[in-house]
Amino acid sequence: MKKEKLVTIEYPKSLISESYRTLRTNIQFSSFDSKVKTIVVTSSGPREGKSTICANLAVVIAENGYKTILIDCDQRMAKLHKIFNTSNEKGLSDFLIDNIQFSEAVQNTEIPNLDIITSGTKPPNPSELVASEKMKKFIEDLKETYDYIIIDTPPVIIVTDAQLISTYVDGCILVVASSQVEKATAIKAKELLQKVNARILGVVLNKMDVKQKSYSRYYYSGWKKLKK
Ligand SMILES: Nc1ncnc2c1ncn2[C@@H]1O[C@H](COP(=O)(O)OP(=O)(O)OP(=O)(O)O)[C@@H](O)[C@H]1O
Ligand SMILES: [Mg+2]
């Protein structure tokens, strides 16, 4: 299995790792009224960087001393087990269809404070599974054990999963690969989330073309808070 490198672990002092720490701070300060504990990461289309951002965000939150769990809710293009080099024999889908206990579904990672639930056995009905009452209750129950629950999802324009999950989490982050996606497509993704009253915490601009900038050798992520 090919392991994708985690930049926040391999290059903690790089500009990109610093961007992830800035993202962490922005999320932590995104609301004074209600604490944001459960976060969905999605994007309009495929390969915009959702799983990469999810994984690195979870790492920097865990490094900050918060007990964090990362859940792979992308049953179609599951990726987190590859990034963390863990088994995906049992995971979320197996837990939700009652085959296994939570203790069998959750795995520790090498990073202190960070646990992971991989996607599990590919189900025939992913959308129904993630929209189920059991899933909703599961996320609620996790809040008793974990400070932060970070959820990776499929693209919002392609399938309904991210929209469905967004209705029962505290907030969602919209990843926009700015060099890859048309403005209208990104707006469409935002509208789909707003349609279900999802709370969009902000947009992460990923894969930005920063050739003109002095730090061009790094790939760069930026954060934009959505204007009301
Ligand atoms: N800022 C970036 N600069 C360059 N490459 C990136 C960046 N972010 C992610 N990538 C690369 O883009 C590819 C897709 O990333 P990733 O799997 O995280 O996207 P995704 O949105 O989760 O995709 P999918 O829709 O398949 O779930 C990976 O090879 C990843 O390493
Ligand atoms: Mg992904």
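Order of listing sets the numbers, starting from 1, for every ligand and every atom in it. For clarity, every value in this text was computed on a predicted model and none was experimentally measured.
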**Item:** Cation over ring face, Lys134 and Phe95, 6.0 Å, 45°
**Value:** yes
**Asked** When only distance counts, is Gly45 in polar contact with ligand 1, meaning an N/O pair under 3.5 Å?
**Response** no
**Message:** Can you name the atoms of ligand 1, numbered from 1 with element, that are less than 4.0 Å from a heavy atom of Asp74?
**Reply:** 27 (O)
**Request:** Determine, considering heavy atoms only, which of Arg76, Arg47, Lys5 sits nearest to atom 14 (C) of ligand 1.
**Result:** Arg47
**Ser44 (side chain) donor-acceptor with Ile157 (main chain) under 3.5 angstrom** = no
**Asked** How far apart are the C-alpha atoms of Thr121 and Asp94, what are their side-chain angles, what is the distance that settles it, and do they pass the side chain to side chain donor-acceptor pair (under 3.5 Å) test?
**Response** CA-CA 6 Å; Thr121 312; Asp94 305 278; 2.6 Å; yes
**Message:** Side chain, backbone, both or neither: which applies to Asn206 and ligand 1 if a contact is any heavy-atom pair less than 4.0 Å apart?
**Reply:** side chain
**Prompt:** Judged by atom type as modelled, is there a donor-acceptor pair below 3.5 Å linking the side chain of Gln163 to the main-chain atoms of Val196?
**Reply:** no
**Request:** Could you please spell out the steps behind the side-chain contact (heavy atoms from CB on, under 4.5 Å) verdict for Tyr66 and Lys37?
**Result:** CA-CA 11 Å; Tyr66 293 103; Lys37 289 188 79 166; over 6 Å; no
**Message:** Just to be sure I'm reading this right: ignoring hydrogens, which of Lys79, Lys207, Gln180, Lys82 gets closest to atom 6 (C) of ligand 1? Compare them by their nearest heavy atoms.
**Reply:** Lys207
**Prompt:** Among Thr153, Asp74, Asp161, which residue meets the side-chain hydrogen bond (donor to acceptor under 3.5 Å, both in side chains) test with Thr42?
**Reply:** Thr153
**Fill in**
Note, the Mg ion (ligand 2) has protein N, O or S atoms under 2.8 Å numbering 1
**Message:** Is it the case that ligand 1 has an N or O less than 3.5 angstrom from some N or O of Glu48?
**Reply:** yes
**Request:** For Pro46, counting its heavy atoms only, list the atoms of ligand 1 lying under 4.0 Å from any of them.
**Result:** 25 (O)
**Item:** N or O pair under 3.5 Å between Thr52 and ligand 1
**Value:** yes
